[in-house]
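Report on the following structure.
Only this structure's heavy atoms are used, side chains among them; waters, hydrogens and symmetry mates stay out.
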Amino acid sequence: MRLWLGLICALLGATPALSLDCSDRSVRSAVSATASDATYFRSAFDRCSYLLAARDEDFFRALDDDQRALVWAVIAAHNYRPYGNSMAFRLPDLLSEKHLDCDNYVLLAIRLFRLLRPDAKLDVDMVGWEGGLVGNHAQIVANHPTTPLLVDPTVGIVAKISFDDLASGKNVDPEDLLVLSQRNDPPGFREKVEKALLSGAYRPSHILYYFNDPDDYPAAIATVKTWPTPAIQERR
């Protein structure tokens, strides 16, 4: 498995040649600025998105512009705030939080992606799990005719696999798994997600929810115990 150390170093300002407003601090500033002006975030993407292809050409060669924008949104969301409890769902509330947890990271990444690509044809959905190696967790499914993706902004992982293959227990090839971060937050959880993907540990019985529109998620939480999904039995 390849670790995308070049991009992470650039985001952290550790590579002088690439430190021009692509540091971790600048990414966070660009995300914060979307509260009043999304143009700043879009310009940060335009400045720094070349790093996506430059740092792992083999992985990104198969991705289109929408998919690359989604990965950038995942990087931005992952680096925006440390892991912790949050009940924010709308973009302004997410941007004002001091911590984010899995569903908040997912919502922030999707909302940032929509700012970058308002006319995107990529189908980006929110999926929640309960059970197995990852336990209670939220991720993003990007449906695509040739290169579907599973992306996890909580731990900073991108995998080339379809939802159907993932949920049916098929494993991700190590060459199709990209780790975007070495941040150990929450401790040991990224390794669990990696193991689940590489070993094919997901199951249909682990599906807690699936939303095509993330705006449906906050309202649905109020009736969580009535969800007609396999994993809801774990909540009753």
Side-chain angles (χ1 to χ4, degrees), residues 1 3-5 7-14 23-35 41 44 70-113 115 124-142 149-159 166 172 177-198 201-202 206 208-209 211 214 217-218 221 224 231 234-235:
M1 179 179 53
L3 301 181
W4 206 14
L5 296 178
L7 175 58
I8 300 306
C9 288
L11 289 174
L12 295 176
S23 66
D24 185 54
R25 179 177 298 178
S26 293
V27 171
R28 286 197 298 269
S29 297
V31 175
S32 296
T34 62
F41 181 66
L70 176 61
V71 174
W72 176 255
V74 166
I75 294 170
H78 174 76
N79 284 283
Y80 183 59
R81 290 289 185 261
Y83 184 86
N85 186 57
S86 171
M87 286 299 292
F89 305 118
R90 298 184 311 116
L91 182 58
D93 299 327
L94 290 164
L95 295 176
S96 66
E97 289 287 85
K98 298 300 182 185
H99 299 86
L100 298 171
D101 58 24
C102 61
D103 55 345
N104 312 114
Y105 280 117
V106 165
L107 289 169
L108 179 58
I110 292 176
R111 297 190 191 291
L112 292 176
F113 168 69
L115 288 175
V124 175
D125 301 332
M126 180 178 185
V127 60
W129 310 95
E130 183 80 60
L133 284 175
V134 302
N136 178 253
H137 191 43
Q139 295 174 317
I140 296 171
V141 171
L149 300 177
L150 182 285
V151 294
D152 190 327
T154 303
V155 297
I157 281 179
V158 181
L166 181 73
V172 175
L177 180 68
L178 192 62
V179 178
L180 304 169
S181 172
Q182 293 300 299
R183 191 179 78 197
N184 191 28
D185 179 26
F189 190 63
R190 188 190 71 251
E191 288 81 2
K192 289 184 178 181
V193 174
E194 286 184 59
K195 184 177 179 180
L197 290 167
L198 293 172
Y202 290 83
H206 300 158
L208 182 62
Y209 57 77
F211 292 104
Y217 173 71
I221 289 180
V224 60
E234 299 291 331
R235 294 292 190 93

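- With values rounded to the nearest 0.5 angstrom, Arg28 atom CZ is found 7.5 Å from Arg81 atom CZ.
- Between Leu94 atom CG and Glu97 atom CD the span is 7.0 Å, to the nearest 0.5 Å.
- Among residues two or more places apart in sequence or in another chain, the salt bridge (charged side-chain N to carboxylate O under 4.0 Å, His left out) test is passed with Arg190 by Glu194.
- When every heavy atom of Ala138 is checked against every heavy atom of Tyr209, the shortest pair comes out as CB-OH, 3.3 Å.
- Separating the CG atom in Leu95 from the CG atom in Leu100 is a distance of 9.0 Å, to the nearest 0.5 Å.
- Counting only distance, with no hydrogens or angles, the side chain of Asp185 and the backbone of Pro82 share no donor-acceptor pair below 3.5 Å.
- Ring geometry for Tyr217 against Phe89 counts as perpendicular: the plane angle is over 60°, on a 0 to 90° scale with 30° as the lower cut.
- Residues His78 and Leu180 fail the side-chain proximity criterion, which asks for heavy atoms closer than 4.5 Å.
- Asp93 meets the side-chain hydrogen bond (donor to acceptor under 3.5 Å, both in side chains) test with Arg90; sequence neighbours excluded.
- In this view, His137 and Cys102, Val134, Gln139, Asp152, Thr154, Phe189, Val193 satisfy the side chain to side chain contact (heavy atoms under 4.5 Å, CB included) rule, not counting sequence neighbours.
- In this structure, the separation between OH on Tyr83 and CG on Asn184 is 13.0 Å, given to the nearest 0.5 Å.
- Side-chain contact between Asp103 and Met126 is present, with at least one heavy-atom pair separated by less than 4.5 Å.
- At least one side-chain heavy atom of Trp129 sits under 4.5 Å from a side-chain heavy atom of Leu166.
- When all heavy atoms of Ile110 and Pro214 are compared, the pair lying nearest together is CG2-CG, 3.7 Å.
- Residues Asn104 and Ser86 share a closest heavy-atom pair of OD1-CB, 3.2 Å.
- For the atom pair Leu112 CG and Leu70 CG, the distance stands at 10.5 Å (nearest 0.5 Å).
- Of the listed residues (Val106, Ile75, Ile140, Ile157), just one forms a side-chain contact (heavy atoms from CB on, under 4.5 Å) with Val151, and that residue is Ile140.
- For the atom pair OH (Tyr202) and CG (Leu133), the distance works out to 8.5 Å, reported to the nearest 0.5 Å.
- Counting all heavy atoms, side chain and backbone alike, Phe113 lies closest to Ala73 at N-CB, 3.7 Å.
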